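Contents: one structure, followed by commentary.
Computed from a prediction, not measured in an experiment: that's the story for all the values here.
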Amino acid sequence: MFSRILTSALFAGAAAGLMAALLQLYFVQPVLLHAELYEGGDLVHFGADHVTAHPELPSMFAEPMRDGLSIIFTMLTYTGYALALVALMSIAEQQGREINGRTGLLWGLAGFVAFHFAPGLSLAPEVPGVAAADVGVRQLWWTATVAAAGVAMWLIAFGGNLVSYLIAAGLLIAPHVVGAPEPDTFAGPVPTEIGALFAARAFGIGMAAWALLGSFAGYFWQAEGKRAGATA
């Protein structure tokens with residue numbers, strides 16, 4: 001069982017992480033590089049003169065070392081996600097649930113809700129230079145929100161009764177009723193249009209990556225099960 005979990009997670013995490021990293025380099029990194037021009041003072045938003053919305057930015061893989069390390073780190077991150085996802089899939093299969101690439105897609109979307117959408121609803125992805133609350137407090141709130149959303153997704157999927165659904169709804173809402181940590185004052189040199197684009201692309205790529213991760217995890221879990229059965 002452990003070998004099946006590890007093998008499935010390694011393949012799924014590496015594949016989904018590679019695709020997520022490439023999507024981030026193409027869609028998200030240019031937005032971050034654009035924001036850094038404002039953070040460093042190379043561009044000024046509220047000056048007397050209009051500023052171009054399309055400055056010349058480094059191309060993809062212009063810094064091979066930085067981009068290569070980013071790809072490796074993203075693959076490792078999604079492999080960690082895959083280990084948790086496949087372990088939960090193994091528990092669900094023992095309870096008689098079917099696990100394959102198609103059902104894995106739903107697992108992936110649930111993971112996106114838990115790890116991205118639920119915390120991001122009140123603690124949105126941020127570009128460099130914006131005001132923010134203390135990082136330790138934000139990490140604590142983020143962890144609690146992810147845990148609550150993860151339990152809520154499990155209850156929605158496997159609870160099977162009204163009480164479970166009501167508890168799940170409460171878990172999803174509670175962190176936002178408490179409220180995410182916010183800065184005392186708002187500040188930042190980056191135009192709001194760039195911040196909005198960054199948040200939208202972060203959510204979009206997060207959803208795509210988790211959908212891929214869930215599908216790959218379900219596929220490899222099923223394939224490893226068949227292989228183990230054939231050699232038994």
Side-chain angles (χ1 to χ4, degrees), residues 4-5 8-24 26-28 74-125 141-162 164-176 180 196-225:
R4 185 182 175 191
I5 291 174
S8 302
L10 286 175
F11 280 117
L18 176 60
M19 293 185 180
L22 294 176
L23 288 171
Q24 288 171 356
Y26 188 81
F27 289 105
V28 175
T74 304
M75 292 174 70
L76 290 173
T77 299
Y78 275 88
T79 299
Y81 288 149
L83 283 169
L85 192 62
V86 173
L88 292 172
M89 285 179 171
S90 70
I91 296 173
E93 187 178 71
Q94 292 174 2
Q95 296 176 352
R97 308 290 180 172
E98 182 181 6
I99 304 296
N100 53 41
R102 180 175 56 83
T103 59
L105 175 62
L106 298 176
W107 283 80
L109 293 176
F112 164 72
V113 171
F115 281 88
H116 286 258
F117 187 74
L121 187 64
S122 290
L123 197 61
W141 184 90
W142 183 91
T143 302
T145 303
V146 169
V151 173
M153 291 297 100
W154 185 272
L155 290 173
I156 291 171
F158 304 116
N161 57 66
L162 181 59
S164 297
Y165 300 148
L166 291 175
I167 294 174
L171 288 171
L172 289 171
I173 295 172
H176 306 286
L197 179 61
F198 174 74
R201 289 192 173 180
F203 278 131
I205 291 173
M207 183 175 68
W210 271 96
L212 290 169
L213 180 64
S215 296
F216 286 145
Y219 170 80
F220 285 118
W221 177 257
Q222 184 185 49
E224 284 299 305

- Query: Can you tell me how far CZ of Phe112 sits from CG of Leu212, rounded to the nearest 0.5 angstrom?
  - Reply: 13.0 Å
- Message: Centroid separation under 6.0 Å, is that true for the rings of Phe115 and Tyr81?
- Response: yes
- Flag the pair Leu109 / Val113 as yes when at least one side-chain heavy-atom distance between them is below 4.5 Å, and no otherwise. no
- Task: Look at atom CZ of Phe117 and say whether more than 12 heavy atoms of other residues, nucleotides or ligands are closer to it than 6.0 Å.
- Result: no
- Query: Does any non-hydrogen side-chain atom of Trp141 lie less than 4.5 Å from one of Leu123?
  - Reply: yes
- Could you grab the distance from atom CD1 of Ile205 to atom CG of Leu22, nearest 0.5 Å is fine? 10.5 Å
- Query: When you look at CZ of Phe198, are more than 12 heavy atoms from neighbouring residues, nucleotides or ligands closer to it than 6.0 Å?
  - Reply: yes
- Which heavy atom in Ala118 sits nearest to a heavy atom in Ala149, and how many Å separate them? CB-CB, 3.7 Å
- Query: Atom OG1 of Thr145 and atom CG of Leu172: how far apart are they, to the nearest 0.5 Å?
  - Reply: 10.0 Å
- Item | Side-chain heavy atoms of Leu10 within contact of Phe220, under 4.5 Å | no
- Donor-acceptor contact below 3.5 Å, side chain Thr103 vs main chain Glu98: yes
- Query: Would you call Leu213 and Trp107 a side-chain contact if the rule is heavy atoms closer than 4.5 Å?
  - Reply: no
- How about Phe158: does its CZ atom have over 12 heavy atoms from other parts shown lying under 6.0 Å from it? yes
- Task: Supply the atom-to-atom distance Ile5 CD1 to Leu83 CG, rounded to the nearest 0.5 angstrom.
- Result: 8.5 Å
- Query: If you measure from CE on Met19 to OG1 on Thr74, what distance do you get to the nearest 0.5 Å?
  - Reply: 14.0 Å
